[in-house]
Structure formats: structure tokens, C-alpha cells
Chemist: 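One structure coming up, written as C-alpha cells, with questions to follow.
Each chain gets a letter, A, B and so on, in the order the sequences are listed, and its residues count up from 1. Side-chain atoms are counted along with the backbone in the values below, which use heavy atoms only and exclude waters and symmetry mates.
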Amino acid sequence: MADKPTYYITTAITYPNGVPHIGHAYEYISADVMARFKRLDGYETFFLTGTDEHGQKVQQNAEAQGLTPKQLVDKNTAVFKQVDDEVLGISYDRFIRTTDPDHYQASQDIWRRMVEAGDIYLDKYSGWYSVRDEAYYAESETEVRQDGERYSIETGTEVHWVEEESYFFRLSKYQQPLLDFYRKNPDFGGPRSRFNEVIRFVEDGLNDLSISRSTFDWGVPVPGNPEHVMYVWVDALTNYLTGVGFPDTDSAAFGKFWPADLHLIGKDISRFHCIFWPAFLMSAGIELPKRVIIHGFLHNAGEKMSKSVGNVVAPGAWVDTYGLDAVRFFLLREFPYGQDGSYTHDAVVGRKNSDLANNLGNLAQRSLSMIAKNCAGVIPEPGQLTEADQAILEQTDSLLEISREAYQVQEFHRALERTWYVLGEANAYFADQAPWQLKKTDEARMRTVLYVTAEVIRKVALLIQPVIPGSASKLLDALGVEIGGDAGRTNASNDGPRSFAAFGEPLAPGTPIDKPQPIFPRHED
RNA sequence: GGGGAGUUAGCUCAGUUGGUUAGAGCAGAGGACUCAUAAUCCUUGGGUCGCGGGUUCAAGUCCCGCACUCCCUACCA
């Protein structure tokens, strides 16, 4: 048996200091959808997500709470993991924590490789440092306020003058190699507008990067100098390697899955993923990931979400209000992926009712009801297909390739838009053929129309499993499609009657179906 | 200050290399049907395509200027 193609996708790892909000959910869900799509399409898939647990802030917060840093991150990480597991249904294969023992090995190994490449040197760093932001600021980026203390202008956090011995990475050396790489791999970053910003930044020149700290010790120790711990970037980005077995580059997982096919991240960290990370990997002699997709941020009715405004939405609150599948669908259908999006209650309800309940749910309900009542409760035998039948079936058939192409570049909205266009055509077909009339005049023709409609629904249900796994599974159940598969949750979805491999295997006439129950309830306020 | 994106129907947005009466979805109006989750189908959109100039036989679609909005980046203080 030939080896299956593989697919390795990651999310950014989250700094678990607050509570998860709908923006976190957006990233997890979109990565989950991508992973499920690839599994259903026959790819042996590995999906990595997790938390970034080191740093001075954690150490200080822990002290303030009378905990060890590990105790604090255990507590905070549990909250994020619970959202993945119990609220959003995220199908990750590993939830990595930068405090995992194997991650220490991986981070120290890539560090050693960069040292061997001559790209790490010891120097001194000085500047205005904000503990809360974990960032240095130029003097011009700070101001002295009335209380006599100095603050970051941008973030309003207090800064202190710090002089510190630090290891540096020779990022400057990689300006040209990176530009060459971008030119040869124009799809490395997406969407294009974000990638262009990155390229322009690199063209302006790169400074070497401070990559260690000695003022605190909650981090991965620098090999050969236990006075230092790695600063965020080497430690955090390396999780993508750790997740598939690094530093054991001979391991089965590493051989299969590295280089990663997709890093899915937010626009705030595009530079780290499109510049630092490839440079580190070039230095360490490791293959570069194939693509970084940069998603936008979500706004509440056009306003930035913020605690002080009090408009932050918790994923659990939305899921309770609208249901998980409606939330997943809304997030992927409503916004062009990569752009910022603005949500309102009315917009979510609109998608839920119009797209899910009316266009899809009602089409399924009306056609399956007729089958249950008029075809002895089994999938009917179709007769000769008319042009109208063939036209709607052909439009439905085209959705597989259209979806593949759209998913390949993470244009989820495009796949869904086209799918719902075809559903609109299917509703028109159904009304046009009027099987409830045919029931009185031509039962054979009625059975054909009902069969064709059921086939359309089957194909659509297959393709939207990644987005609305629960509802799509119910839809396939209702059509009597053999149970099996898990809507992309695991690699068991690679094949079987609910995988994309079965897209062209039509419903078997005579298959019994149950009396249908509505799958997509309307949202009533 | 420099660079970039944008400003199209009530709302959210599409509009290829400039070319017949500027499009979709949602919302609204009218009609149809009754299989269905008060759903679905059909019909219905005279909107200064931000403003003002220009190029052209022809511009939402190219050029210049202006006004807002947003993003990236710098610098002064």
C-alpha cells in the first residue's frame, strides 16, 4: 500500500496569562478546520497546538500568588486546554507545553546547532525594559510621567534601565538569504498583503537579536551557561520542531512531518514566524516550513475587544448561546480569511438562521421527510436523469475541487461561499421540480428528484464536516451513510464512506433512513 | 515624515488586463407554493461607484490633487 501524503499544521502557542477569548477560538477553530479537511482528504495529519509557559511575567505572577511558576502555568494552561477539549472540539494531536521535558532538549539542540554555525555570540544589552511587555524600548518610545517614573508610550507600562549580558543571534547575516528565499517561495507567507509588510521590513535591514536573559531563571537554560535562560523566540518557535520528535531527526514522526506544511498565526507575530524562524532554521541546518498563514483579529461591532471596554467575548458564552457548529461556521464564513473581522449578535444569528437553518437544514428536512413518507423510508431508486438533475449534480461535484483549492490557500470563506451558492441552486431545483406535485402525477420522477436532492446533501455534508463536524455527522446519519469516520477528528477519517474518497460513491437505493429530525434549529432571541 | 490598503445599494462586501442598461448575500416590498424549521421559489435595487480635476471614442476600473479610515515603518518631543 502506498504511503499516504502527510500534513503538519500548527497554531501559535498561547501565553496562558489571561482567559481565552473568541480571538483565541478563531485561531484554534480555523486550524482545526484545516486539519480536519486534510484528514478527510486522505492526508495523514498532525495538528499541534499548546502553550508558551516561560518568562519573567509568569515567574513574577507566580511569586505574587505564592505559587511556583510551574504550579501557575499548570493552572492557567488547564483553562486553555479545557476550552480546546470541552468547548471547541479541537482535534489537536498533541497539546505541547514549552515546559515539557522533550521541549527543553529540542530547544537546547537547536541552540547548539546555531552556535556551531557561528551565529550566536555573547554581548551586552542595555535599554529601557518593560517587564510586563517583556520588551525593550528606545528612549524615544518612553516618557517620564508626573510620578517621576518612566513609561512606555505605546503600552503605558513602566520601564526600567537594564544592562544585561545577553546572547545574540546574527539575524543581520540572514537578510539576503531570507530575501532570496521569499523570492523563490512567493507563497511562503499569506495573505500577500501581510507577507509584503514582512518583506519590506527585511529589505530595510535586520539587527541582531537578543535571545537570552540572565535576570530571571524561568526558562530553558542556555547550553553551557546556566546563568542564562533562552528568551522567548528560540524557546517558543522551537515548539514546532519538538512536536514532531526533534531533536531526533531520525524519528518516524520527524521524517514524516517535518518540514511543517502550515503555521497558522495571528498578525501580531508575523515577523517572528516569517523572519526569525526561517533564519533560525537556516542557521541550524533544518528545512524551512512551507507556509505561514496570517489571520486577522476579531472586533466586537467594529470595536477592538478590550477588558476595559468590557466587550470581550468568551468562547464558552458564544457556544452556549449559538451552539458550537454555528460559531465555527460563522467565524469561517463571515470573514475573508486573513482580514480583520467584525462580529455582532445579528450577524451571527443571520448566518445561523439563513445559511444553516434555512438553506441547508430546511432543504434536508423537506427532502428527507418526503423520502420517509413517500419512499417507504428508504433511499429511492432514481430513474433516467434529466438535464436539470445533471446540472445540479455537476455543480455539486465541482465543490470538491473548489474546496481543495480554497483550503490550500486557507480561503475558507471562498469554499463556503461557493458551497452555499450551490445549496441555493439546489433549493431552486427542488422548488422547480416540485416533488410534492410529482407525487400525484409521476411517482417515479418524484423518486428521482428526491434521490438527486439527497445526493446533493450528502456531498455537501461530506465537504462541510471540517467546519461543522457535529451537524454534518448528523446529516450523514440522517442520509443513512454508513456510520464510521469521525468528521476529521483523527486520521481514521483518511478513508471510509465519510471521507472525501467516498465523494463519488453515490447513495445506495434501498438504504433505510429514519424519520428526519431538524438538525439546525433556528435561533430565536 | 515615509510606504501600503481602502472609501461601491439600508448592512456586509464582489467588481479580471478600462468597453453594452454597476453585481451578490442579508434586510425590505409584492407574488407563488404548501414537501419543509413562518421555511422555500419567483419578481423587485434610477446607488453623485469618497470629493475635484485629467487622459481616452469610452473609467468604479488609468493619472494628478484633496478628504476621511485603517495597516506597516521612522523620527521629533
Chemist: Roughly, in whole Å, what's the span from NZ in A/Lys267 to P in B/C72?
Modeler: 6 Å
Chemist: CG of A/Asp340 versus C1' of B/C71: gap in Å, rounded?
Modeler: 9 Å
Chemist: Taking the P atom in each of B/A27 and B/G65, what is the distance between them to the nearest angstrom?
Modeler: 43 Å
Chemist: Report the secondary structure of RNA chain B in dot-bracket form, marking unpaired bases with a dot and bases paired to a different strand with |, and treating Watson-Crick or G-U pairs with both distances under 3.5 Å as paired.
Modeler: (((((((..((((.....[...)))).(((((.......))))).....(((((..]....))))))))))))....
Chemist: Can you tell me the distance, in whole Å, between the CH2 atom of A/Trp420 and the C1' atom of B/U40?
Modeler: 17 Å
Chemist: Could you tell me whether A/Glu524 and A/Arg522 have a side-chain N and a carboxylate O separated by less than 4.0 Å?
Modeler: yes
Chemist: Can you tell me how far C1' in B/G23 sits from the matching atom in B/U8, rounded to whole Å?
Modeler: 10 Å
Chemist: Between B/C76 and B/G53, how far is it from one P atom to the other, in whole Å?
Modeler: 42 Å
Chemist: Using the P atoms only, state how far B/C63 lies from B/U56, rounded to an integer number of Å.
Modeler: 16 Å
Chemist: Taking protein heavy atoms under 4.0 Å as touching, what does nucleotides 25-39 of chain B look like 5' to 3' if B marks base contact, S marks sugar-phosphate-only contact and - marks none?
Modeler: -S------SSBBB-S
Chemist: Are the charged groups of A/Glu163 and A/Lys124 less than 4.0 angstrom apart, N to O?
Modeler: yes
Chemist: Under a 4.0 Å N-O cut-off, is there an ion pair linking A/Glu334 with A/Arg351?
Modeler: yes
Chemist: Rounded to whole Å, please give me the gap between CZ in A/Phe201 and P in B/C71.
Modeler: 18 Å
Chemist: Expressed as a whole number of angstroms, how long is the span from A/Asp346:CG to B/U12:C1'?
Modeler: 13 Å
Chemist: Can the ring centroids of A/Tyr26 and A/Tyr337 be said to lie less than 6.0 angstrom from one another?
Modeler: yes
Chemist: Between B/A9 and B/A14, how far is it from one C1' atom to the other, in whole Å?
Modeler: 13 Å
Chemist: Taking atom P of B/U12 as reference, at what distance in whole Å does atom CG of A/Leu416 sit?
Modeler: 21 Å
Chemist: For the C1' atoms, the ones on B/A77 and on B/G4, what distance do you get once it is rounded to whole angstrom?
Modeler: 27 Å
Chemist: How long is the line joining CZ of A/Arg414 and P of B/C13, in whole Å?
Modeler: 19 Å
Chemist: Taking only residues at least two apart or on different chains, which pairs with a member in residues 313-322 of chain A satisfy side chain to side chain donor-acceptor pair (under 3.5 Å)?
Modeler: A/Tyr322-A/His345
Chemist: Looking at A/Glu455 and A/Arg458, is any side-chain nitrogen of the basic one under 4.0 Å from a carboxylate oxygen of the acidic one?
Modeler: yes
Chemist: Could you state the CD1-P distance from A/Ile294 to B/C72, rounded to the nearest angstrom?
Modeler: 12 Å
Chemist: Distance check, P atoms only: B/C26 and B/C62, in whole angstrom units.
Modeler: 30 Å
Chemist: Is A/Arg192 salt-bridged to A/Asp187, cutoff N-O under 4.0 Å?
Modeler: no
Chemist: Before accepting this row, confirm whether a basic side-chain N of the pair A/Asp477/A/Arg498 lies closer than 4.0 Å to the acidic partner's carboxylate O.
Modeler: yes
Chemist: Can you check whether A/Phe188 and A/His273 have ring centres sitting under 6.0 Å from each other?
Modeler: no
Chemist: For the residue pair A/Phe37 and A/Phe500, is the inter-centroid distance of their aromatic rings smaller than 6.0 Å?
Modeler: yes
Chemist: What interatomic distance, in whole Å, is found between P of B/C71 and the corresponding atom of B/G60?
Modeler: 30 Å
